[in-house]
There are 2 protein chains.
Amino acid sequence: MAKREKNTEKLILEAATKVFLEKGFDGARMQEIADKAAINKALVHYYFRSKEKLFDAIFQEAFVQFIPKVMDVMTSDSPLFEKIKAFVNTYISMLIKNPHLPIFILHELNRHPEQMVNRIQSFGAKPELLVKNIIKEIKKGKIRPVDPRQLIVNMIGLCIFPFAGRPIIQGVIFKNDDKTYNRFLEDRKKDVADFIIHSISIKK
Amino acid sequence: MAKREKNTEKLILEAATKVFLEKGFDGARMQEIADKAAINKALVHYYFRSKEKLFDAIFQEAFVQFIPKVMDVMTSDSPLFEKIKAFVNTYISMLIKNPHLPIFILHELNRHPEQMVNRIQSFGAKPELLVKNIIKEIKKGKIRPVDPRQLIVNMIGLCIFPFAGRPIIQGVIFKNDDKTYNRFLEDRKKDVADFIIHSISIKK
DNA sequence: GTCTATATTGTGATAGAC
DNA sequence: GTCTATCACAATATAGAC
């Protein structure tokens, strides 16, 4: 059976995702989206009515992807260090596939912080559970006493930053070499996990 | 003696800095800059000719501020851990005063990575020195063997992320409370330094 | 559903009086 | 130097034929 042709709506969404993620809402052009989807500009409006509505569709999906599935990791019954390794590995792997995601989400949310209020309810990340879990480990004397919120921010920041800051890091530290930087990102899965674990381990 | 009036050029630069840093190049409007400077739109063009030229002036200064003065810290002859503490403390303090700086720089460089090539030469950050310094500490057995480049990226990322990701972090973890988040940022000066130092300390 | 043509508005930039 | 008025074009959005 022949492969089914993609329908137009999907073509537009794919094109729009690329353009919006690379240029942001303000930098994106409906014309460029239409060109990339190999259709006419009017057709984009036919399917999504306005630039804003099209953007909302893309942002929604991108945002869900961006929010790390902390809960998935925490519901497992493996030890904390194993959970950290799994989280870092999964999250960095996803970002390697979607390198523009961090800046896109971060920039758009900085432009429109009010939108954050709406988003919070719409997804089920409950960091309280993770916080409690960390506190439990501290009380059991398994890890160094730290502010759990700081630890969570550290974990996420360490994963995201090399993608959000790629041009500057690659430029300054890696002499703009793509291959070396990609290798650096691969290595990071292990390095960041080690880094975090060492930072909360108790010295004997 | 009466306080001297600010000249127009300075007024424009101050207004433009605010607008560009909050909205980025694509989102900024010459009209808004003029309004904020309490002058006419034509006058902005009179002083800077074009939006792009005005932007360049702002970006240049912002970029210099953004690049952490790693060298300043490293030229001191204090021990590595003291250097790390000083760096984290200085950099986070600066970011508290300029919270929009990270997203602004990161976003604009992602939009125009080619510009990074020009910038690199224009400022004197030589991370090689820092890399060598870290390697020396490792060889002396003072710290755990790590990839110095990863360590540097970690240090910077840990400082920057809570500012770049403020809306999302504050929304999800801090129930959107400004005061708590500001306190969190203050605490971070110490917490991040501790975090890094523990992560590279050698266990006895 | 898809196209061409066009309306409409927004925005950077300039001309010219004062 | 500073202003008002205006140009020129870019970009979103719609009308209407097919």
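The sequence lines fix the lettering, A, B, ..., with proteins before strands; numbering per chain opens at 1.
The stretch residues 31-41 of chain B touches DNA chain C through B:K41, each having a heavy atom under 4.0 angstrom from the strand.
The NZ atom of B:K36 sits 12.0 Å away from the CD atom of B:E14 when rounded to the nearest 0.5 Å. For the atom pair CG of A:L80 and CD1 of A:I143, the computed distance is 5.5 Å after rounding to the nearest 0.5 Å. A distance of 5.0 Å separates CD of A:Q60 from CZ of A:R119, quoted to the nearest 0.5 Å.
Rounding to whole angstrom units, CZ of residue B:F55 and P of C:dG12 are separated by 14 Å. Atom CG in B:L43 sits about 14 Å away from atom C1' in C:dT14, given to the nearest Å. Atom pair B:K23:NZ and C:dT11:P shows a separation of 10 Å (rounding to whole Å applied).
Checked against the 6.0 Å centroid criterion, the rings of A:F104 and A:F20 do not qualify as a close aromatic pair. Not less than 6.0 angstrom separates the ring centroid of A:F66 from the ring centroid of A:F63.
Where DNA chain D meets chain B (any atom under 4.0 Å from a heavy atom), the bounding nucleotides read 5' to 3' are D:dG1 to D:dT4.
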Under 3.5 Å donor-acceptor pairs involving side-chain atoms of residues 153-162 of chain A, not counting sequence neighbours:
unit_1, atom_1, unit_2, atom_2, d
A:N154, OD1, B:R188, NH1, 3.0
A:N154, OD1, B:R188, NH2, 2.7
A:N154, ND2, A:Q150, O, 3.3

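For A:R49 and A:R29, each mapped to the nucleotide of DNA chain D holding its nearest heavy atom, the one lying further toward the 5' end belongs to A:R29.
The shortest side-chain heavy-atom distance between A:R144 and A:S201 does not fall under the 4.5 Å cut-off.
For B:K142, the NZ atom is loosely surrounded, since the number of other residues' heavy atoms within 6.0 Å does not exceed 12.
Here B:H45 does not reach the OP1 or OP2 of C:dT14: none of its side-chain N or O atoms lies under 4.0 Å away.
Backbone-only contact: B:Y47 has heavy atoms under 4.0 Å from sugar-phosphate atoms and none from a base.
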